[in-house]
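In the text below, chain A, chain B and the rest are named by the order of the sequence lines, each starting its count at 1.
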There are 2 protein chains.
Amino acid sequence: MGMGRPREFDAEMALDQAMEVFWRHGYEGATIAQLTEAMGINPPSLYACFGNKEGLLKAALDRYSKLRGVWMEEVVAAATARDVAERMLMGIADKQTDPANPPGCLLVQGGIACGTGSENVPFELAARRAQNEDQLRDRFIRAKAEGDLKPSSDPAALARYVLAVSVGMGVMASSGADREALRQVASVAVQAVEAQSADRT
Amino acid sequence: MGMGRPREFDAEMALDQAMEVFWRHGYEGATIAQLTEAMGINPPSLYACFGNKEGLLKAALDRYSKLRGVWMEEVVAAATARDVAERMLMGIADKQTDPANPPGCLLVQGGIACGTGSENVPFELAARRAQNEDQLRDRFIRAKAEGDLKPSSDPAALARYVLAVSVGMGVMASSGADREALRQVASVAVQAVEAQSADRT
DNA sequence: CCAGATATGTAGTGTTCACTACAGATGTGG
DNA sequence: CCACATCTGTAGTGAACACTACATATCTGG
């Protein structure tokens, strides 16, 4: 039994192009025509490879989350909770204004609210964001155990806070905020984490 | 010359219903069929009164911003910059989880990313958010002049920061965060403003 | 009571959407 | 070289979309 005609396009490169379209226009705003043109393929190839539009989004999110997860490992490798927050938020400021990508964050731009038939898209994005929150929370739990964060601090609340600021910065970036403006936000935000840190005597 | 047949529905009540649909599904996710059903009218009445879908959104945003502006006046009436931030963020936590409305904030849920033909919807929302940022900034400028905020503080950055947190909380609310979770975020966030406040001796 | 003006309900309009049938192309195993 | 399997391009499919033509209804001014 033969193995059939081989695929003529690179699935990962095509995903990168699809990611950019979703990033810029959101899930509902992105059309199959735009996606296929950006990916350099025709609709049947897209459907054979990814199932349907939502399957393509999930594949793009997987790829995005994977790259992001690697970066988050670098972030939580910082020495203190304060440095984790700073590295995270300053990095977010830079990434979300990187001209190589659309402004903002795919996990936000992808679709915060969706119409009938796409209700689970926002959930899908939220689940990916929650992964990052979990990474931060675990790191802050450790920081508290190490005495880096005050005994009165709440690692889960801190992680949720840092993520909330990240998301807010993403929305601002997508509506035109420049890198310097986002860095200022990050700089202020870090001070809340500092306030939860044990005094360095 | 006669004045014609009078309108049979209340435009403001209809707007409230339309607002809720946009809030829940976003601009692109909301269909004319859903909007007219919620408003209790037929398409010709909608188009005669609001022009088109985007006109309806703008009218809903006007109404939303007006109510919000009144509330913001209460917020900036707080005694100190820290209290302004606390009143704002705690109020946001409550409002965005008020079961009387869809979760989150219309100025975010309305549409962060849109497809071809609706590119200015995100700008429209951003402009409304900017109004709130301006109100906060003016208040923080005053706080700095009064010596409430440190001379080294940056009122514009602080205002942008508080708005970023608000937006981030809105996204979290729309993806299921409960009131207590948002209040914790607000509580942490306020500490950054506290850190910019002059020592109360 | 009539003429002009505006609102309403019914029933569509053309367009765009996500998705696919089908035929031909290109590979593998025997 | 042939049977089989998978991919690719062309050209559509029905459904859903924003929006509207039109006849009718309800008002005001004279």
Asker: Would you mind writing out the side-chain donor-acceptor pairs for residues 106-123 of chain B within the sub-3.5 Å range, not counting sequence neighbours?
Answerer:
{"unit_1": "B:Gln109", "atom_1": "NE2", "unit_2": "B:Ser174", "atom_2": "OG", "d": "2.9"}
{"unit_1": "B:Thr116", "atom_1": "OG1", "unit_2": "A:Gln34", "atom_2": "NE2", "d": "3.1"}
{"unit_1": "B:Glu119", "atom_1": "OE1", "unit_2": "B:Gly117", "atom_2": "N", "d": "3.0"}
{"unit_1": "B:Glu119", "atom_1": "OE2", "unit_2": "B:Gly117", "atom_2": "N", "d": "3.2"}
{"unit_1": "B:Asn120", "atom_1": "ND2", "unit_2": "B:Glu54", "atom_2": "OE2", "d": "2.7"}

Asker: For B:Gln34 and D:dA16, what is the distance between atoms CD and P respectively, to the nearest whole Å?
Answerer: 12 Å
Asker: In whole Å, what is the span from the CG atom of B:Leu35 to the C1' atom of D:dC19?
Answerer: 13 Å
Asker: Between P on D:dC19 and CG on B:Asn42, what's the gap in Å once rounded to a whole number?
Answerer: 16 Å
Asker: Only pairs under 3.5 Å count here: list side-chain donor-acceptor contacts from residues 189-197 of chain B, not counting sequence neighbours, and write none if there are none.
Answerer:
{"unit_1": "B:Gln191", "atom_1": "OE1", "unit_2": "A:Gln196", "atom_2": "NE2", "d": "2.8"}
{"unit_1": "B:Glu194", "atom_1": "OE2", "unit_2": "B:Arg82", "atom_2": "NE", "d": "2.3"}
{"unit_1": "B:Glu194", "atom_1": "OE2", "unit_2": "B:Arg82", "atom_2": "NH2", "d": "3.4"}
{"unit_1": "B:Gln196", "atom_1": "NE2", "unit_2": "A:Gln191", "atom_2": "OE1", "d": "2.8"}
{"unit_1": "B:Ser197", "atom_1": "OG", "unit_2": "B:Val193", "atom_2": "O", "d": "3.0"}

Asker: In whole Å, what is the span from the CZ atom of A:Phe9 to the P atom of C:dG27?
Answerer: 16 Å
Asker: Mind jotting down which residue pairs meet the ring pair (Phe, Tyr, Trp, His ring centres under 6.0 Å) criterion with at least one end in residues 61-120 of chain A? Sequence neighbours excluded, please.
Answerer: A:Trp23-A:Tyr64
Asker: Using a cut-off of 4.0 Å between protein heavy atoms and nucleotide atoms, how would you tag nucleotides 13-23 of chain C 5' to 3' with B, S and -?
Answerer: ----SSBBB--
Asker: For residues 25-53 of chain A, which residue pairs qualify under salt bridge (charged side-chain N to carboxylate O under 4.0 Å, His left out), counting only residues two or more places apart or in two chains?
Answerer: none
Asker: Kindly state each residue pair satisfying side chain to side chain donor-acceptor pair (under 3.5 Å) with at least one member in residues 10-22 of chain A, sequence neighbours excluded.
Answerer: A:Glu12-A:Arg63, A:Asp16-A:Arg63, A:Glu20-A:Arg24
Asker: Among A:Asp178, A:Thr97, A:Asp94, which residue meets the side chain to side chain donor-acceptor pair (under 3.5 Å) test with A:Arg183?
Answerer: A:Asp94
Asker: Taking donor-acceptor contacts at under 3.5 Å, does the side chain of A:Arg5 reach the base of C:dA25?
Answerer: yes
Asker: What's the NE2-P distance between B:His25 and D:dC17, to the nearest Å?
Answerer: 11 Å
Asker: Side chain of B:Met3 only, please: which of D:dC27, D:dT8, D:dG29 is the nearest?
Answerer: D:dG29
Asker: With sequence neighbours left out, what residues match A:Ala48 under side chain to side chain contact (heavy atoms under 4.5 Å, CB included)?
Answerer: none
Asker: Between B:Lys95 and B:Asp98, is there a salt bridge with N-O shorter than 4.0 Å?
Answerer: no
Asker: How many Å lie between CD on B:Glu37 and P on C:dG9, as a whole number?
Answerer: 14 Å
Asker: Tell me which pairs pass side chain to side chain donor-acceptor pair (under 3.5 Å) where either residue lies in residues 42-51 of chain A, with sequence neighbours left out.
Answerer: none
Asker: Starting at atom CD1 of A:Ile41, determine the distance to atom P of D:dT10, rounded to an integer number of angstrom.
Answerer: 14 Å
Asker: Which residues within residues 106-123 of chain B lie with some heavy atom under 4.0 Å of an atom in DNA chain D?
Answerer: none
Asker: Measure from CD on A:Glu8 to C1' on D:dG9 and round the result to the nearest Å.
Answerer: 10 Å
Asker: So, does B:Ser45 get its side chain near the phosphate of C:dT8, meaning an N or O under 4.0 Å from OP1 or OP2?
Answerer: yes
